[in-house]
Visitor: 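Quick one: the structure is below, questions incoming.
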Amino acid sequence: MSSMLGKRAVSSFISLMVLIVLVFFLSRLTGDPAALYLPVDASEEMRQNFREIHGLNDPVLVQFGHYLADLVRFDFGDSLRKARPALEVVLEAFTWTLELALITMALVTAAAIALGSLAAFNIGSPLDRIASLLSLIGASAPDFWIAIVGIVLFSVSLGWLPTSGTGSVWHWILPISVLFIRPFGLILQVVRGSMITALGSAYVKTARAKGVKNRPIIFVHTLRNAMLPVITVIGDQAAALLNGAVVVETIFGFPGVGKLMIDSILQRDFNVILAAIMVTALAIFVMNLLIDIAYALLDPRIRT
Amino acid sequence: MLWADKFAFAAALFLMLMLLFAIFGPALLDGVASKQNLRARNAAPFTVERGFLYLLGGDALGRPLLARIIVAAQNTLTIAAGAVAASMVIGSTLGLIAGYAGKTTGEVIMRLADVIMSFPSLLLAVIVLYMLEPSIGNLVLVLAITRIPIYLRTTRAEVLEVRERMFVQAAQVMGASTSRIIFRHILPVILPTLLTIATLDFAFVMLAESALSFLGIGIQPPEVTWGLMVSQGRQYLTNAWWLAFWPGLMIILTTMSLNLLSGWMRVALNPTQRWRLELGGKRNG
Amino acid sequence: MKYITALAGLLLASTAMSPAFAQDNHDVTVVLAEEADVIEPCMATRSNIGRIVLQNISETLTELDVRGDKGLMPRLAESWEMAGDNTWRFHLREGVKFSDGSDFDAEDVKHSFERAGSDQITCEISRYYEGIDITPKVVDAHTIDFTTEPAQPILPLLLSLLTIVPSETPLEFTRNPIGTGPYMLAEWNPGQDIKLARRDDYWGEAPAVTGATYLFRTDAAVRAAMVQTGEADIAPSISATDATDPEMDFSYPNSETTYLRIDQNVAPLGDKRVREALNLALDREAFIGTILAEGTQIATAINVPTTLGWNPDVTAWPYDPDKARALLAEAKADGVPVETTISLIGRTGNFPGATEVFEAIQGMLTDVGFNIDLQMVEVAEHEQYYSKPYVEDRPILVGAQHDNSRGDPVFSMYFKYHSEGRQSGINDPKVDELIETATAATGEERSALWSELFAYLHDDVVADVLLFHMVGHARVGGRVDFTPTIATNSSLQLSEIGFK
């Protein structure tokens with residue numbers, strides 16, 4: 001295991017470097033931040049001065065050299081817009097995103113596996129039909145619909161929950177509910193599908209033939225076999241959440257990394273883009289590593 | 001046999017209808033669908049006073065929603081099918097290679113997937129926009145690239161497991177060629193999962209596409225897609241719900257139909273599961 | 001496990017949800033669309049920063065009266081006069097203290113001015129002093145002279161934009177703004193809220209509001225809902241479609257003017273008949289009360305009617321598609337390539353309903369025979385089309401919005417119409433001359449020159465396709481008393497808020 005971790009750390013580091021190089025150079029092809037930062041009627045002199053202050057006049061390679069040199073000292077540069085360290089800005093936002101992603105994925109995983117297995121064991125039953133139907137509708141409905149309707153219903157009409165913001169635990173209920181829906185639908189479908197396949201597979205049939213009547217044993221056996229694609233999809237959905245939940249952040253005023261990233265991209269705030277990508281990439285790499293470890297634990301024959 | 005499953009049958013019918021809309025809609029209704037009429041602005045649905053095409057109401061410029069939905073089917077389905085098919089084919093091919101080929105190749109492909117997963121799709125879209133001309137093809141490209149990792153990782157995970165199974169090992173021992181093992185033994189096992197993900201990705205792509213159109217990439221008004229209609233209707237959600245509701249409903253129904261149909265196919269094409277259909281058929285008949 | 005405990009802790013810590021505030025509480029909550037990324041006084045001309053900082057934390061020497069017709073009013077300066085041809089003398093208020101306890105004097109004014117113009121930081125307000133050589137000179141502790149080259153008749157108006165900071169303020173963006181205003185920064189949680197608290201040692205009358213919390217929500221429907229549920233007291237900008245409650249919702253002219261900028265260098269737009277046809281093809285009336293809110297005005301100038309020299313004699317273009325077609329045919333007969341595809345560039349989200357407005361414009365122009373290709377773009381790309389050097393590989397109409405609530409056309413004219421202006425599509429010696437003389441003129445003469453320019457641009461040059469003076473909508477909760485003004489877009493003075 002430890003040699004695997006070591007190799008993984010090296011290869012992940014290389015991918016991170018590839019990512020930084022890609023983002024650094026490609027994002028600089030997408031326009032001049034001075035034009036966006038300054039008002040439209042600012043003079044060329046002001047623009048020139050702005051570029052000078054922020055080192056945007058140097059050749060791109062020189063800029064990259066400076067960036068790397070600072071990075072070695074763990075200095076991610078300052079945000080153009082916010083005039084403070086980019087890493088500080090990103091970490092503030094990422095803490096919110098991480099909490100939101102962890103809570104949501106924990107709930108989704110538990111609910112989707114429970115309901116998905118029940119549906120698979122009782123295929124064609126009313127429970128199966130209803131669970132499938134609701135999860136499909138949820139997974140394909142536009143998320144801002146659900147969010148706005150949720151606010152109108154639970155905050156404005158009923159007055160049960162605050163519309164938006166971050167103050168108390170009540171503030172978390174609507175955003176998490178909205179975030180819950182799509183991954184829940186997708187994972188439930190995958191659980192149900194691969195459980196059905198596993199139930200028809202040789203091992204379970206053998207177990208049944210051997211006379212194992214105990215449903216829990218059959219359940220655990222099947223689940224184990226059905227878990228690989230499920231874990232992969234859970235990982236993918238978690239990665240999407242770690243990249244930020246833009247709609248939820250925009251509507252509920254949740255200060256996460258998704259909206260920060262979008263704003264920074266639209267404003268060409270390069271240092272924040274890079275810092276945000278590095279932080280989220282690190283989280284995603286760690287998560288993918290955990291998934292691969294989970295594969296190995298679930299099925300010892302697999303050597304990744 | 002399709003008749004046996006009433007839901008799957010309805011789904012197939014619905015998809016056929018959408019296909020007809022996509023093929024013939026723009027040719028038949030383009031003029032009507034883009035004719036602005038501010039007097040019919042946000043006209044309420046369920047009345048035929050203004051004609052059958054206003055049955056679902058009018059949009060913010062008074063264009064009939066029904067006609068627009070029909071015309072939009074073409075762009076919507078082209079983009080969604082293109083992006084989903086491309087990401088599924090590329091993703092699962094890479095996944096097969098990563099799972100089946102040597103360790104180094106596999107590792108390189110997996111880290112590539114990590115890079116794509118961490119690359120924000122909006123940034124990708126902005127970059128593509130600045131370097132290439134905006135077009136449907138580039139829109140499909142952006143959407144496809146961002147969806148590759150999920151197919152790649154899922155395929156690889158399944159390959160790793162399946163190739164250890166008895167029948168694959170047996171085939172290998174008996175000297176079956178690699179391509180035969182992949183296409184005859186491995187692909188059939190992983191295909192159902194991939195299809196489940198693909199059907200739900202259809203909805204995701206249809207909605208994500210509209211988010212990119214505000215950058216000026218891909219679909220521009222007066223061209224129209226369901227996703228664009230949904231996002232344009234957003235600001236009227238509280239007082240003219242039908243603007244965003246109908247196109248949203250079309251996205252949901254299309255996704256559900258695809259999902260039901262792929263579920264039916266999974267059962268129908270799998271000999272060990274086919275009894276379920278026959279049983280259901282008897283019960284219903 | 002750690003998370004479960006954290007969650008439980010959160011549950012216990014959170015008090016019962018109480019959206020309604022106690023009635024004797026005189027704090028207000030304001031919900032804004034865009035977060036202030038810095039709270040730097042020298043950036044106060046940017047609306048997201050100005051609404052928090054301007055006249056609340058930082059004050060200016062002079063202040064434009066937007067509620068009445070008093071014109072320019074004293075604030076930190078008690079009076080001012082010309083002291084020589086090119087020199088303005090300002091007499092400063094005495095006994096004013098900054099929130100850090102230091103005294104306000106002429107050195108602070110000098111430092112504030114120099115800091116704003118320094119090349120070591122990028123302060124936005126300095127752009128208003130571009131092209132004028134201004135030298136501040138301290139006469140005594142409470143008198144300061146500004147000498148300008150050339151003469152600057154509206155310098156007192158320009159100084160209504162200069163926020164005053166203490167002379168110790170460093171030449172970098174501050175995170176702790178110090179000002180002379182009635183409020184000071186109490187708390188700043190980036191991404192969540194900004195809180196201001198009332199100062200006890202303010203020089204003027206103590207305002208009714210004791211403290212303010214600013215929240216930021218991008219979605220207009222959510223902002224409207226927050227005032228409705230009592231989570232906020234004022235939402236200065238909500239969308240017209242949500243403004244349905246006459247008890248709470250106010251519309252106000254927001255000083256924005258929408259127009260299509262024409263680059264006359266590219267055929268067929270260089271032909272005046274083509275530009276007239278563009279104007280005649282649009283049924284402007286049809287937009288109002290439909291896509292755009294009731295109260296929107298048809299524009300005959302790039303500046304709103306409250307601006308100096310706005311010309312009431314200029315009449316809006318009528319809707320006359322037949323005449324437009326005739327003009328196009330005439331131009332075509334003379335060999336003008338009127339069938340060339342013209343790009344219409346719009347900015348997504350520029351104003352509520354922007355996409356629909358541009359789609360409708362496209363429809364109307366196509367109707368009279370133009371060949372229009374609509375492209376909605378994001379802000380960075382829009383900027384590439386809007387400012388010089390222009391994209392000139394095809395004829396382009398750029399849809400844009402211009403905001404000038406400062407009362408004088410000088411803030412618009414040079415940029416939009418002078419042949420050297422960064423967003424000007426015309427090159428007309430008479431326009432250049434009028435702008436230059438009007439900029440240097442005073443009183444009646446200044447007003448008359450601007451009037452002449454407005455008429456000349458609209459009727460003779462047909463410089464652009466002027467569209468609308470827009471309205472904004474604000475929602476104000478039942479507890480507070482507040483009327484939005486034309487300046488609400490750029491500043492929101494807490495001292496103007498009362499309680500019922």
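Proteins get letters first, then strands, A, B, ... in listed order; numbering begins at 1 in each. Worth knowing before you read on, the calculation uses all heavy atoms, side chains too, and leaves out hydrogens, waters and symmetry mates.
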Visitor: Given heavy-atom pairs under 4.5 angstrom as the criterion, report whether the side chain, backbone, both or neither of A:Asn288 touches chain B.
Guide: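 Contact with chain B is through both the backbone and side chain of A:Asn288.
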
Visitor: Please flag which part of A:Leu186 lies under 4.5 Å from any non-hydrogen atom of chain B: side chain, backbone, both or neither.
Guide: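 Contact with chain B is through both the backbone and side chain of A:Leu186.
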
Visitor: Which atoms form the tightest heavy-atom contact between A:Gln267 and A:Pro33, and what is the distance?
Guide: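 Distance-wise, the nearest heavy atoms are O-CB, 4.3 Å.
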
Visitor: With no hydrogens and no angle check, just 3.5 Å: does a side-chain donor-acceptor pair link A:Ser264 and A:Asp269?
Guide: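 No.
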
Visitor: Is there a side-chain contact between B:Phe14 and B:Met256, using heavy atoms and a 4.5 Å cut-off?
Guide: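 With C-beta onward as the side chain, the pair stays apart.
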
Visitor: Measuring heavy-atom distances to chain A, does B:Leu207 have an atom under 4.5 Å in its side chain, in its backbone, in both, or in neither?
Guide: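 The answer is the side chain of B:Leu207.
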
Visitor: Counting only non-hydrogen atoms closer than 4.5 Å, does B:Asp114 touch chain A with its backbone (N, CA, C, O), its side chain (CB onward), both, or neither?
Guide: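 Contact with chain A: backbone and side chain both.
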
Visitor: Below 30° counts as parallel, above 60° as perpendicular, anything between as tilted: where do the rings of A:Phe180 and A:Phe184 land?
Guide: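 Answer is parallel, since the angle falls under 30°.
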
Visitor: Let me know if A:Ile273 has heavy atoms under 4.5 Å from chain B in its side chain, its backbone, both or neither.
Guide: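 Side chain only.
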
Visitor: Would you mind checking which part of A:Ile291 comes under 4.5 Å of any heavy atom in chain B, side chain (CB onward), backbone (N, CA, C, O), both or neither?
Guide: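 For A:Ile291, the contact with chain B is made by the side chain alone.
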
Visitor: Tell me which of these, A:Ser132, A:Ser140, A:Ser27, has more heavy-atom pairs under 4.5 Å with chain B than the rest.
Guide: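 Answer, by heavy-atom pair count under 4.5 Å with chain B: A:Ser140.
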
Visitor: Counting only heavy atoms closer than 4.5 Å, note whether A:Arg28 contacts chain B via side chain, backbone, both or neither.
Guide: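 A:Arg28 has no heavy atom closer than 4.5 Å to chain B.
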
Visitor: Side chains of A:Ser135 and A:Gln189: closer than 4.5 Å at any heavy-atom pair?
Guide: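 Yes; the side chains approach each other to less than 4.5 Å.
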
Visitor: Which region of B:Phe202, side chain (C-beta onward) or backbone (N, CA, C, O), has a non-hydrogen atom less than 4.5 Å from a non-hydrogen atom of chain A, or is it both or neither?
Guide: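 It is neither, since no heavy atom gets under 4.5 Å.
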
Visitor: Are B:Arg111 and A:Phe285 side-chain neighbours, meaning at least one heavy-atom pair lies under 4.5 Å?
Guide: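 Not in contact.
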
Visitor: A:Val191 versus A:Ser117: any side-chain heavy-atom pair under 4.5 Å?
Guide: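 Heavy-atom side-chain distance check passes, below 4.5 Å.
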
Visitor: Looking at A:Ala239, A:Ala281, A:Gly193, A:Ser11, which one has more heavy-atom pairs under 4.5 Å with chain B than the rest?
Guide: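 Heavy-atom pair counts peak at A:Ser11.
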
Visitor: Which atoms of A:Val190 come close to chain B, meaning under 4.5 Å heavy atom to heavy atom: side chain ones, backbone ones, both, or neither?
Guide: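 For A:Val190, backbone and side chain are both near chain B.
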
Visitor: Tell me, side chain or backbone of A:Leu26 under 4.5 Å from chain B's heavy atoms, or both, or neither?
Guide: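 Both backbone and side chain.
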
Visitor: Could you tell me whether the side chain of A:Ile187 reaches within less than 4.5 Å of the side chain of A:Val108, counting heavy atoms only?
Guide: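 Sidechains of A:Ile187 and A:Val108: in contact.
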
Visitor: Do you know which of A:Gly235, A:Ala141, A:Ala139, A:Ala283 has the most heavy-atom pairs under 4.5 Å to chain B?
Guide: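 Greatest number of close heavy-atom pairs with chain B: A:Ala141.
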
Visitor: When only pairs under 4.5 Å are counted, which of B:Thr196, B:Leu253, B:Leu200 shares the most heavy-atom pairs with chain A?
Guide: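 Highest number of pairs under 4.5 Å: B:Leu200.
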
Visitor: Apply the side chain to side chain contact (heavy atoms under 4.5 Å, CB included) test between A:Val90 and each candidate in A:Ile277, A:Leu260, A:Thr280; give the one that qualifies.
Guide: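 It is A:Leu260; the other options fail the test.
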
Visitor: Tell me, for B:Ile197 versus chain A, whether the close heavy atoms (under 4.5 Å) come from the side chain, the backbone, both or neither.
Guide: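 Backbone plus side chain of B:Ile197, per the 4.5 Å heavy-atom cut-off to chain A.
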
Visitor: Below 4.5 Å from any heavy atom of chain B, which atoms of A:Thr232 appear? Answer side chain, backbone, both or neither.
Guide: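 Contact with chain B involves the side chain of A:Thr232 alone.
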
Visitor: With a 4.5 angstrom heavy-atom cut-off, is it the side chain or the backbone of B:Thr193 that approaches chain A, or both, or neither?
Guide: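 Contact with chain A: side chain only.
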
Visitor: Rounded to the nearest 0.5 Å, what's the gap from CD1 on B:Ile69 to CE on B:Met18? Could you check?
Guide: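 Between B:Ile69 CD1 and B:Met18 CE, I get 9.0 Å after rounding to 0.5 Å.
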
Visitor: Would you give the length of the straight line joining atom CE of A:Met261 to atom CG of A:Asp263, rounded to the nearest 0.5 angstrom?
Guide: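 Rounded to the nearest 0.5 Å, the CE-CG separation comes out at 11.5 Å.
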
